[in-house]
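So the structure is just underneath, and the comments pick up after that.
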Amino acid sequence: MRRDVGRHPTAGVSSVPALRRRIAVGVLVACGLALVSPATAAEPFRAFLDELQRRGMYDVALDYLHSARTNPLISDELKQTITYEEGVTLIEGASQERDIPKRMKSLELAKEKLNQFVQEQPGHPLAGSARIQLGNILVSRAQADLELSRVPSQAAKKDSLVQEARKLFAEAEKVSGEAVDLFESQLKGFPKFIDPKERKQIEAKDQARLDLIQAMLLSALATFEHGHAYDAAAAEYKSLIDKAATKFENIYDRYKKLLAGLYARMYQARCLQDLGDPKKALTLYGELLIQPDDPQEFRELKTKSLGLAMECWNSDAVKQYEESVTKGQAWLQSARGNEDRTPDGLKVRWRLSQALVLRAAGQKDGTQRDHDLRAALEQAAAVAKSSGEFQQSAREFVAKARNTTSEAAPTSFAEAVEKGRIALDTLQVALGQLKAAPAEQAAELNKQADSARADAARLFQLALSLRTADTPIEDVNQVRYYQCFVNYQAGRYYDAAVLGEFLARRYSNSSYARKAAQIALASYLAAFNAEQVADRQFEQAQMVSIAQFLGATWPNESEADEAWMILADLAIRAGDLDTAVKHLENISAESPRRAEADLKLGQSLWNSYLKKSRLPAEEQPQADEQQAMVARAQATLEAGVKRMREAAAGSASFTLLSAELSLAQIYVGSGQVEQALRLLEMPNAGILALIAAKDPSTSRGNFAVEAYKVALRAYVSAQQLDKAEQMMNALESATGTSDSAMLTKIYLGLGMELEDQVARLRAEKNTAELAKVLKGFELFLDRIAARKEGNTFNSLMWVADTFARLGEGLVVDNQVSPEAQAYFGKATQTYEQILARLTQDPGFGPTPESANSVNVRMAKCERRLGRHEAAVKRLVEVLMKKPSALEAQIEAAYTYEDWGRLDTKYFLAAIGGAQRVRRGAEQMNLVWGWSKLAQTVQKHAQYKDIYYEARFNVADCYYRLGMVSQGQPRTDALAKAESAINVMARLEKSDFGGPDWFARFDRLLRQVQRANGGKGEGLKALIDSLSSPVAKNEPPAP
Amino acid sequence: MTSSLKSLAVLGAFASLVNAASALDQVRTTKATVNGTVQEITAQEIKVKKAGSSGDVVAVPVNEVISIKFDGEDPQVNLARSAVLDGRYEDGLRLFGELEKKLGDARPELQQDLKFYQAWAAAKLALAGSGDVGKAGAQMREFVDGNASSYHYFPAAEVLGDLFAAVGAYDKALAIYDKVAAAPWPEYQMRAAVARGRALVLQGKPDEALASFNKALDVEAPADNPQVAAQRLAATLGQATCLAATGKTDDAIKQVEGVILAANPEDGQLHAQAYNTLGNCLRKASRPKDALLAFLHVDLLYSAFPQAHAEALANLAELWTELKQAQRAQEAAALLQERYKNSTWAK
């Protein structure tokens, strides 16, 4: 039999707030009191609220409580309890909320309401109860953590979530235990006998008893839930459930004449059931099932107990299906009013359906078996119609059962819709199963899904053809919505989009309109992402239009915000930041997505700034414009982080922490080191504190490594060298000593970031900050290089590389300043130190070829120092050992190119290669040069960037050669430069390796064209001219 | 005559005495039960020759009569009658159906009773949405036309009017309510005026309806009569509906709130009507969320009153749709179809 998995153990049983009123009734009835006196009964406040809660309509209950404040039919006495009732309703509602962040938000709000109630009315009879509910919130929060730990996407956090849940349960046990002691002593303070005339004192004593019972129940429930935070095989599980059973038994023994005592008995039975003893549990449920049906609260207890008893009867250990069927049917026949639609009623009906199926399996008489199965289907169909815990399972059962019988073609609209819905349910079941199905079942499930999809499409089409003038338009729109969904499901995106838009715009008042608009949006997005769509402007324009429509038609709903986020993402991906900004600005300040939008916008602005700051000086925006970009990125990110921090209410999520990390990166990058450190070092909830505490939110991806990198840069800039060294060590530990390649990559990235930072500060003429950063790093690198112990190949390489990067940051237009030379000198010294260590101990490097890599980098420093000959000699040594070493080939080409500034012949060497050697019978250039480099890597996708770099440098070398030549050589060289780009344009059409390379080629071409006396039309004009019919030798269109 | 025969004769005399004592018609009224022989029945009163030595004939006004148990009737008749009077109409119809053959030779008053209760049960089921209004109307019309002197005449006529109104035959409904208004008792006059007002509301004539509800309230009637009090509140609800229909929604809402405050908390029927009226007024006032809460009162607390429940469900299905809660709208519509598929609210 299918088990209802993923549900909380007490789901559908009861929570402390839900029990409160029932217990209150029990206690007060026992004391001869009525809860509500007739004088205040004009509006059935409690009865209606109870019924709303019983039906799971917590949102409506909250609306009702809100309106109750001004309802003249409700007495002032009851109005005083509204804040309390809101708190309790929020807790109950939270227990049914599947979206965990929403549940947490409800619990937080409940806490505020209950605290407000206690503060405003400390002497109110419900104040004690309110305090107990605050304890109950701990249980609910723990349940949420536990549930979250079962979500596959949270697998990485599972252990910490479970630990947190257990901690909260234990805290709830402690808090409720203390409350039990307090209320017990309060109750003992009353005399045993009170004169009946002392009404107030009697009421106070009753209230104290009620508080005590609630606290005892909470204590027992917390233990029960705590037990369920362990695996059923664990010793703690047994021990805690045993302990809970004892607590419930004590409550029952003490209050067996009250409803609360009977509820405790039910829980005691549930404990026994959970401990694997359904027979014993049934004995206790049996005691409860013979209780009277009146008052109604007893009937509810019996219904709950019946649902649980039926679970036991249906279990493999008991197999008393007959009993289950008899008792379930008897209950159903005696159901009062809407009782069969309450969650407990639906549970009984679902268990009855299961019992009938189980009984049918044992029926020898075919007629009896069919009768049972029909009855089971009838019950399941009823359950499937109402939202609740079992709706999905019931739908699956109904879809499966009805799908197995052949049926005649529908002859009416309603019949076609009904059958279409069954096909749709079947489709969704198949799709749901596909997600978790092993490969061997996937084909069959896909077949089922295809068949169900085709059936659904056919039946809904048929339904529309069978509609009559009397068919309500909402029913017709429902069918249109289903058609829209089926089309989307089938990948017919344009059909789905057209239908969805029609429904949303033409019938915007329909309850299907909003969902239809969402499908239309998703359809256009899917079409946009489809590979075969070349021109995506149409889809993009449609998405914008739908987003605007969503925002205008349903201004307070989340769909429009979601749409704007999607569009902003697309614009960011296309590099169109201005458009992205416009889209994100449509999200209002009150929207829950505002914080996320701020973060996205801030990060995009920052990335855009970084990108623009890397452009050649003449193309960079003005300094004040750049400052404004940084300021805007920073302000937007700060606003987003603030909003998210407030919403997180003390807890930290990965999204929040990664946003804070981005902000810290901005701070460091823009010289606001103190701000960065304040953010990074925030006590308890800050990034470094949470990494140190191994908080699960910091364990995703390479978050910790990125955080250490930023912190390292920040500490170095702040010249807090001890802490910087700690970060460096932490970085190595986080990467793991075994993954040397990864560490190298990280250090390389760190060096590049530093180079960027230095270059930016220099370009912005922020000399004070630049000096500070340089000084800090110089001190730190010297310190690392000089330490006698603890240095590894990687740490020394990082020191050397970082010196080199600091030097690169100070190079302007290939002019190496004395400061830069000093850094390249220090880099060279460190590389020499490494090479010496490698000579002494070949195992010092991570690979046998580590020395090659060091030599290449050292050659680069030598190039920067103008020691071209030495550099070439060093590179040739490397290439002699390994001619195909790309790193060395590239550096050699650059060395010749740079050397060309001093002697133009080396430009040609850079392009065509040099250092001829004999390899076997052949003569060949040991240094390939840019042309051969391009040809060699052309067919290898992984070297795409090297290919464009090489092609670019061919043209660049010719351009530089032309620019330093005169007369015909100049004309020839410039013609070759232009030709080189022209060839690329013919080969590449419009791609050119992405926008960055396109921009570089474009820039170079304009320079070449201008040098040739042209206007500098650039690359786009060249490509356009190549694609014209004349250029392509094609006839003009008729 | 031997002593034994004598004793038999004595016994026989005793037996006849016993039979005489039990061979009585029992007229149950709101005040007491009158035992005796029903001598004459009209639409206004029942003349009963009382049992006992005096043999007085008393005239029991029909508005006080609950039921009559006729001398010698099959015990199942009482069961069937109780079922109908308790609102278990389907049980009542089944039991009366079984009795039809047995009662072929029964006295005419009892046969008339049988016809009335069958027509009444069918009418109530039809009005609640689980029976055929047309068939029930024909059945009740036959009874009203053929039994003008039945003590059931006025209640039967009122229900016939309700059935006419349910199918939109408002003129016929108004004509028959006028006949009910001819009854000599104030509560019946009020009932007729209230029913007339409701039909006029359905017809879209709020001004005329208001006049009719006002007329109901103008009827002079003893304040301590619970039926009169209930009709007053019903008329006030009717007034509120008319006020709302003419745009005076605030006044209408206050009026309904007044009814709820004054109503007996145990009077579920009145509460159901009051919350439906409140919901309608709030809808007119463009306050859909408040209206939803009002109709939900009926769905959650007063669902035992089928006509009111069907009305509430129909409104809820629309309001949930308006508030973009498609799932809840579907659930309300499904329940309406499931329980009250023949109701005008389910059309």
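Note that these values count all heavy atoms, side chains included, but never hydrogens, waters or copies made by symmetry. Lettering follows sequence order; numbering is per chain, from 1.
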Other residues, nucleotides and ligands only: do more than 12 of their heavy atoms fall within 6.0 Å of [atom1] on [X]?
| X | atom1 | result |
| --- | --- | --- |
| A:R506 | CZ | no |
| B:K172 | NZ | no |
| A:E378 | CD | no |

Give, for atom [atom1] of [X] and atom [atom2] of [Y], the distance between the pair rounded to the nearest 0.5 Å.
| X | Y | atom1 | atom2 | answer |
| --- | --- | --- | --- | --- |
| A:E43 | B:L261 | CD | CG | 9.5 Å |
| B:T321 | A:E474 | OG1 | CD | 5.0 Å |
| B:S303 | A:R341 | OG | CZ | 7.5 Å |
| B:D290 | A:T70 | CG | OG1 | 8.0 Å |
| B:L293 | A:H66 | CG | NE2 | 11.0 Å |

Candidate pair B:R339 and A:D340, rule salt bridge (Lys or Arg N to Asp or Glu O under 4.0 Å), full reasoning: CA-CA 13 Å; B:R339 291 202 184 164; A:D340 59 346; 3.8 Å; yes
Which atoms of B:A304 approach chain A - backbone, side chain, both or neither, heavy atom under 4.5 Å: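 For B:A304, there is no contact with chain A at all, as no heavy atom is under 4.5 Å.
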At a heavy-atom separation under 4.5 Å, does B:L292 approach chain A through its side chain, its backbone, both, or neither?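 Answer is side chain: those atoms of B:L292 sit under 4.5 Å from chain A.
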Assign the ring pair B:H297 / A:F48 to parallel, tilted or perpendicular, where the plane angle (0 to 90°) is split at 30° and 60°.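 Rings of B:H297 and A:F48: parallel, under 30°.
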Chain A-proximal positions within residues 226-256 of chain B [heavy-atom distance under 4.5 Å]: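 Answer by number: none.
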Can you see which heavy atom on B:L301 is nearest to which on A:P44, and at what distance?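 Closest approach of B:L301 to A:P44: CD1-CG, 3.6 Å.
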Check against side chain to side chain contact (heavy atoms under 4.5 Å, CB included), B:D299 and A:E51: CA-CA 10 Å; B:D299 183 29; A:E51 206 53 43; over 6 Å; no
Give every donor-acceptor pair under 3.5 Å between a side-chain atom in residues 327-337 of chain B and any protein atom, sequence neighbours left out.
{"residue": "B:Q327", "atom": "NE2", "partner": "B:E331", "partner atom": "OE2", "Å": "3.1"}
{"residue": "B:R328", "atom": "NH1", "partner": "A:D59", "partner atom": "OD1", "Å": "3.2"}
{"residue": "B:R328", "atom": "NH1", "partner": "A:D59", "partner atom": "OD2", "Å": "2.8"}
{"residue": "B:R328", "atom": "NH2", "partner": "A:D59", "partner atom": "OD1", "Å": "3.0"}
{"residue": "B:Q330", "atom": "NE2", "partner": "A:Y512", "partner atom": "OH", "Å": "2.9"}
{"residue": "B:E331", "atom": "OE2", "partner": "A:S387", "partner atom": "N", "Å": "2.8"}
{"residue": "B:E331", "atom": "OE2", "partner": "A:S387", "partner atom": "OG", "Å": "3.0"}
{"residue": "B:Q337", "atom": "NE2", "partner": "B:A346", "partner atom": "O", "Å": "3.0"}

Part of A:Q391 within contact of chain B (heavy atom distance under 4.5 Å):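 A:Q391 touches chain B through side-chain heavy atoms alone.
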Flag, side chain of B:K324 to backbone of A:N509, donor-acceptor distance under 3.5 Å: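 Judged by distance alone, yes, a pair lies under 3.5 Å.
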